[in-house]
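Worksheet: one structure, shown below.
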Amino acid sequence: MSEPTGKYSITMPRDIAEAARTRSGPSGLSAYVTAAVARQIERDNLNELITVAEADHGPITDDEVQALRDQLHQARQEQGHGGADAA
């Protein structure tokens, strides 16, 4: 069962609207814009979580980020899903 919908009027630069309309494909502009807004909400929520975590534990360092990227890369290779750079 899908969520109830509403009709809204938004204003955006014409070039962005036309690019979105071109890329929206058969699902239509409304579905494309809905997906974009949903992704932005996810990012906003993640940024809020990061802010809370950093307030509790301090900011994550570049070295910590790289170590986690290395672990993820290794795990993907071990699972056989190395991505574009695994050949």
Shortest non-hydrogen contact between Ser27 and Ser24, atoms and distance: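 It is OG-O, 3.0 Å.
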
What is the distance from atom [atom1] of [X] to atom [atom2] of [Y], rounded to the nearest 0.5 Å?
{"X": "Arg69", "Y": "Glu64", "atom1": "CZ", "atom2": "CD", "result": "12.5 Å"}
{"X": "Arg43", "Y": "Leu46", "atom1": "CZ", "atom2": "CG", "result": "10.0 Å"}
{"X": "Leu68", "Y": "Asp63", "atom1": "CG", "atom2": "CG", "result": "11.0 Å"}
{"X": "Arg76", "Y": "Gln71", "atom1": "CZ", "atom2": "CD", "result": "13.0 Å"}
{"X": "Asp44", "Y": "Arg39", "atom1": "CG", "atom2": "CZ", "result": "13.0 Å"}
{"X": "Glu18", "Y": "Leu29", "atom1": "CD", "atom2": "CG", "result": "9.0 Å"}

Glu54 side chain to Thr51 backbone, donor-acceptor under 3.5 Å: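 Answer holds: no.
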
Verify same cluster id: Tyr8, Val33 (apolar side-chain graph, 4.5 Å):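 Per the 4.5 Å side-chain linkage, Tyr8 and Val33 are not co-clustered.
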
Candidate pair Asp70 and Gln66, rule side-chain hydrogen bond (donor to acceptor under 3.5 Å, both in side chains), full reasoning: CA-CA 6 Å; Asp70 293 345; Gln66 187 58 51; 2.8 Å; yes

